[in-house]
Amino acid sequence: MTSGKGGLPEMIRRELGADVNRRFLARYQDFRPSADTPDNIRNLLARLDLAEIAARNNRD
């Protein structure tokens, strides 16, 4: 199962980044920024999301 392209690390990235898991994890407070998270941190998190989407699109 992990002998294909990328092996175990790639499989973990793919599973964690799957829409089903993202929606599941977004329901939990621990995986969302709190109301008092500074704007600069929220902006960095948004940039990280965009970078992850771009990287995912480049891998496909």
Side-chain angles (χ1 to χ4, degrees):
M1 179 176 198
T2 61
S3 60
K5 180 182 169 188
L8 182 61
E10 181 62 29
M11 183 183 74
I12 291 170
R13 277 189 213 95
R14 189 173 48 250
E15 289 298 318
L16 288 176
D19 288 338
V20 171
N21 283 331
R22 291 173 63 86
R23 286 190 302 268
F24 177 77
L25 293 173
R27 293 180 184 162
Y28 292 95
Q29 183 63 36
D30 291 341
F31 293 97
R32 286 182 282 171
S34 64
D36 61 346
T37 301
D39 287 339
N40 62 331
I41 300 298
R42 285 181 183 274
N43 290 337
L44 289 172
L45 290 170
R47 288 176 57 193
L48 180 59
D49 284 340
L50 292 174
E52 288 175 343
I53 290 167
R56 189 176 325 127
N57 289 338
N58 288 337
R59 283 195 300 261
D60 294 338

side-chain contact (heavy atoms from CB on, under 4.5 Å) filter on R23, not counting sequence neighbours, yields D19, V20
(Q) When you compare the side chain of R22 with that of D49, does any pair of heavy atoms fall below 4.5 Å? (A) yes
Residue set satisfying side-chain contact (heavy atoms from CB on, under 4.5 Å) with L25, at least two apart, ordered chain then number -> F31
Donor-acceptor contacts, no H, no angles, side chain residues 40-48, under 3.5 Å, sequence neighbours left out:
from : atom 1 : to  : atom 2 : distance (Å)
R42  : NE     : T37 : O      : 3.4
R42  : NH2    : S34 : O      : 2.6
N43  : ND2    : D39 : O      : 3.3

Heavy atoms of N21 and L16 approach each other most closely as CB-O, 3.9 Å
